[in-house]
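Quantities reported herein were computed from a predicted structural model and do not represent experimental measurements. Heavy-atom basis, side chains included; hydrogens, waters and symmetry copies ignored. Chain letters run A, B, ... following the sequence lines, proteins first, then strands; residues in each count from 1.
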There are 2 protein chains.
Amino acid sequence: MDKKYSIKDIAQLSGVSVATVSRVINDNGRFSEETRKKVLKVIKETGYQTNFSAKNLRMNKSFSVGILVPDISNYFFATVVQKIEKILFKCGYSTIICNTARDEDKELAYLKMLESKGIDGLIVISGAKAFDINKVSSSSKIPFICIDRKPKDKKNTIFIASDHYQGALDATDSLFNSGSKHPIIATHKHYSSSGADRLRGFKDSLEKHGLPFDTSRNQITLTTENTTIKMEKVLKSQPEIDGIFAINDTVAIEVLSALLKLGKSVPNDIKLIGFDDEPQDKHTYPTLSSVKQDTDRIAQVAVENLIGLINSTGITSESIIIPVELMPRDSTL
Amino acid sequence: MDKKYSIKDIAQLSGVSVATVSRVINDNGRFSEETRKKVLKVIKETGYQTNFSAKNLRMNKSFSVGILVPDISNYFFATVVQKIEKILFKCGYSTIICNTARDEDKELAYLKMLESKGIDGLIVISGAKAFDINKVSSSSKIPFICIDRKPKDKKNTIFIASDHYQGALDATDSLFNSGSKHPIIATHKHYSSSGADRLRGFKDSLEKHGLPFDTSRNQITLTTENTTIKMEKVLKSQPEIDGIFAINDTVAIEVLSALLKLGKSVPNDIKLIGFDDEPQDKHTYPTLSSVKQDTDRIAQVAVENLIGLINSTGITSESIIIPVELMPRDSTL
DNA sequence: TTGTATGCGTTATCAG
DNA sequence: CTGATAACGCATACAA
């Protein structure tokens with residue numbers, strides 16, 4: 001009742017050899033229906049459970065994957081991680097979560113740990129710089145895929161991302177469509193490959209509408225602390241500003257709050273749109289327009305590809321772009 | 001360059017036995033300073049890394065802990081998980097995350113998997129029912145601690161929670177203090193032990209102010225879909241309502257949005273306060289009063305106690321309550 | 001101070 | 001169809 005059963009115990013209890021038990025458990029090799037029943041019965045009765053440490057050691061496989069994420073309290077990251085974990089579990093893998101806090105040293109330390117644990121695969125989500133697995137250990141060939149973060153070595157890797165460019169283009173277009181003549185983009189200090197793509201989309205929409213992009217006039221960089229002050233200054237020196245594309249919803253909501261404090265009306269004075277379609281967008285006042293990423297599909301594609309990588313030796317190189325969806329609400333009416 | 005080194009390789013390369021290498025690595029047993037340097041040098045050069053599967057098998061320890069959480073895209077859960085993971089990593093443990101989605105079957109499946117992997121400990125965060133580890137396997141004695149979720153067997157377990165009762169009491173008091181005469185509580189369908197404590201706090205504040213609690217008059221249950229309709233109905237039949245304590249900030253923000261739609265002014269017509277102090281509270285209009293949980297301390301205490309449990313055989317039973325802090329903002333001015 | 005030998009629980013190879 | 005046994009990489013009791 002209080003002991004942990006091993007395959008050996010099961011063998012003894014059911015009067016067969018350990019080899020046969022292993023065969024039955026893994027449904028591998030041949031054995032009679034009779035022994036199968038016998039063994040399965042004992043397993044049920046004893047509540048036997050595979051010892052994964054042993055199995056891993058023997059098979060050089062761990063049935064677990066690591067996931068590197070900058071900040072799990074971010075809505076988009078949390079949602080993607082959650083969905084990935086769910087699918088992986090269905091496929092028999094467990095997920096080791098690693099919160100890198102955008103710290104390169106931490107990232108390295110995590111990578112080492114994960115390698116030690118013999119993870120079968122790795123998913124890298126976002127982060128400031130291009131991802132270079134060779135920094136950990138040139139010997140290791142852990143299959144990995146990148147989400148929203150370009151790998152350093154573009155060959156031999158899979159890269160998955162939302163169509164940030166198109167989303168930003170659509171978002172900015174929607175500012176114009178709702179009457180804005182002089183939109184700007186609000187970014188924050190963190191720089192990621194997705195952020196760069198969104199900036200490109202903004203620029204191209206601007207130029208499409210006959211406005212040349214100029215960083216000093218069309219872009220503001222905010223930190224959490226200075227939003228209102230900075231906004232006030234900018235709006236004073238450029239009173240023509242009548243639309244803001246925020247690099248994500250967190251920034252958008254800070255901007256919205258600042259605008260209201262400054263007595264500006266959204267969308268009457270200034271149109272506003274964000275990115276990520278966070279749940280609270282529906283509950284701001286006015287409700288916040290945004291661009292929705294297809295996290296279901298991102299997660300699905302990520303896991304499918306990773307498992308493909310794990311099971312096959314053929315190395316692929318691919319860049320997968322997931323479409324996004326514009327979610328117009330009152331802030332761009 | 002492309003091989004994975006084992007302790008045996010290191011032994012050969014440095015001209016000692018595997019036992020000595022093991023001793024040096026674990027700084028265990030005695031060996032000369034000279035051999036130490038020799039071995040360490042080879043380890044550096046080769047980039048040797050411990051094979052944890054083997055170590056785990058031998059030591060019957062996995063240096064990993066599981067964490068059961070209902071929904072990681074919830075701000076409070078995400079924050080706590082993130083902080084726990086960070087501290088655990090510093091202590092040499094990796095964290096296997098399990099998103100139970102409040103589903104008991106999933107929880108069971110996860111528990112089995114975690115047991116198979118030989119996790120050293122378990123952290124259970126919230127969830128609807130009391131937690132009963134015996135459902136997995138009567139044989140297993142995995143040390144575990146509960147956060148925000150009462151364990152079934154109160155003996156032999158550690159329970160950590162914010163002072164939900166006091167927080168709710170303070171929150172409701174603050175409604176009265178800002179002039180509310182007839183506050184109600186807004187809950188949602190999920191029921192947890194923390195939710196029950198918050199409800200108790202609300203009731204006691206009511207009675208303290210001379211109002212007997214009556215479910216049909218002082219409590220409304222919302223779902224995400226029906227908030228505005230339900231609010232309208234309630235406010236029509238009970239126009240005296242002038243204060244709302246929402247069971248958490250997500251509910252509070254939905255309520256706030258509904259109230260604005262219904263033409264009610266917050267805080268002039270109705271005072272409002274939530275729970276959890278989510279970041280967006282600072283950016284709603286008006287800013288949302290709330291009760292802040294000390295996630296740093298919760299995480300710290302949780303890890304400390306779990307590691308204590310793992311390393312000692314002495315079983316403890318304890319209930320640890322972490323103080324909360326009232327965060328008054330404009331919605332209760 | 002160091003080396004030898006054993007076993008942890010599995011799977012896989014090879015006989016039977 | 002089934003059984004004995006080697007091997008995975010490591011820590012440790014025991015010998016030297």
Side-chain angles (χ1 to χ4, degrees), chain A residues 3-40 42-43 46-64 92 113 115-120 137 139-140, chain B residues 3-40 42-43 46-64 92 113 115-120 137 139-140:
Chain A
K3 186 186 173 306
K4 223 167 190 177
Y5 293 94
S6 79
I7 239 181
K8 206 191 262 174
D9 300 319
I10 306 302
Q12 245 159 11
L13 258 43
S14 46
V16 298
S17 74
V18 291
T20 302
V21 175
S22 174
R23 288 189 191 102
V24 170
I25 290 174
N26 299 297
D27 203 4
N28 176 359
R30 264 193 278 285
F31 41 83
S32 72
E33 179 60 20
E34 190 188 7
T35 53
R36 198 186 70 91
K37 276 188 179 161
K38 208 163 47 181
V39 170
L40 251 35
V42 176
I43 288 181
T46 53
Y48 163 83
Q49 290 189 240
T50 306
N51 178 323
F52 270 95
S53 293
K55 187 178 187 141
N56 297 348
L57 175 60
R58 179 58 224 244
M59 300 184 67
N60 201 28
K61 200 166 173 350
S62 66
F63 301 100
S64 58
M113 181 270 279
E115 199 184 355
S116 266
K117 294 240 170 182
I119 51 159
D120 300 328
S137 141
S139 63
S140 95
Chain B
K3 187 185 171 310
K4 223 164 189 176
Y5 293 93
S6 81
I7 232 179
K8 205 191 264 175
D9 301 318
I10 306 301
Q12 246 162 9
L13 258 43
S14 47
V16 298
S17 74
V18 291
T20 302
V21 175
S22 174
R23 290 189 189 102
V24 170
I25 289 174
N26 299 299
D27 204 2
N28 173 0
R30 261 194 280 286
F31 42 82
S32 73
E33 177 61 18
E34 190 188 7
T35 53
R36 199 184 70 88
K37 277 189 179 163
K38 210 163 46 180
V39 171
L40 252 37
V42 176
I43 288 181
T46 54
Y48 163 83
Q49 290 189 237
T50 307
N51 177 323
F52 270 94
S53 294
K55 187 176 188 144
N56 298 349
L57 175 61
R58 178 61 224 253
M59 299 185 70
N60 203 28
K61 199 168 177 338
S62 67
F63 301 100
S64 57
M113 182 271 281
E115 200 185 354
S116 263
K117 294 240 172 185
I119 52 160
D120 300 328
S137 143
S139 63
S140 96

Touch class at under 4.0 angstrom, heavy-atom based, for B:Asn26 against every strand present: sugar-phosphate
A:Ser62 side chain vs A:Gly118 backbone, donor-acceptor pair below 3.5 Å: yes
Specify the separation, in whole Å, of atom CG of B:Asn60 and atom C1' of D:dC10. 14 Å
Tell me: NZ of B:Lys55 to C1' of C:dT10, nearest whole Å? 21 Å
Touch check for B:Ser32, heavy atoms < 4.0 angstrom, all strands: base, sugar-phosphate only, or nothing? sugar-phosphate
Side chain of A:Asn51 - closest among C:dC14, C:dT10, D:dT12: C:dT10
Look at B:Ser17 and C:dG3 and indicate whether a side-chain polar atom (N or O) is within less than 4.0 Å of OP1 or OP2. yes
Round to the nearest Å and state the distance from A:Met59 atom CE to D:dA6 atom P. 21 Å
Value in whole Å for how far the C1' atom of C:dT2 lies from NZ of B:Lys37: 19 Å
Rounded to whole Å, how long is the line connecting atom CD1 of A:Ile7 with atom C1' of C:dC8? 13 Å
Side chain proximity check, B:Ser64 to A:Lys117, heavy atoms < 4.5 angstrom: yes
Between C1' of D:dT12 and NZ of B:Lys61, the distance in whole Å: 17 Å
Taking everything shown except B:Glu34 itself, do over 12 heavy atoms lie less than 6.0 Å from its CD? no
Between A:Ile25 and A:Ile7, does the side-chain contact (heavy atoms from CB on, under 4.5 Å) criterion hold? Intermediate values first, please. CA-CA 10 Å; A:Ile25 290 174; A:Ile7 239 181; 4.0 Å; yes
Categorize A:Thr35 for me: base, sugar-phosphate, or nothing, with a 4.0 angstrom heavy-atom threshold over every strand shown. sugar-phosphate
To the nearest angstrom, the CD1-C1' distance between A:Ile10 and C:dT10 comes to 13 Å
Just call it for B:Leu57: base, sugar-phosphate, or nothing, with non-hydrogen atoms closer than 4.0 Å on any strand. base
Donor-acceptor contact present, side-chain A:Ser116 to main-chain B:Thr50, <3.5 Å: yes
Reckon B:Tyr48 touches a base, only the sugar-phosphate, or nothing at all at heavy-atom distances under 4.0 Å? sugar-phosphate
Check: A:Glu33 and A:Lys37 side chains under 4.5 Å, non-hydrogen atoms: yes
So, OP1 or OP2 of D:dG3: does either fall under 4.0 Å of a side-chain N or O from A:Thr20? yes
Just how far, in rounded Å, is C1' of C:dA12 from CG of A:Asn56? 16 Å
Hey, which sits more toward the 5' end of DNA chain C by its nearest nucleotide, A:Val18 or B:Phe31? B:Phe31
Heavy atoms from C-beta onward define the side chain here; which of D:dA4, C:dT10, D:dC10 lies closest to that of A:Ala19? D:dA4
When you measure from the side chain of A:Lys8, which nucleotide among C:dT1, C:dT10, C:dC8 comes out closest? C:dC8
Sugar-phosphate, base or nothing in reach of B:Asn28, heavy atoms under 4.0 Å: sugar-phosphate
What nucleotide, of D:dG3, D:dT2, C:dC8, holds the atom closest to the side chain of A:Val16? D:dG3
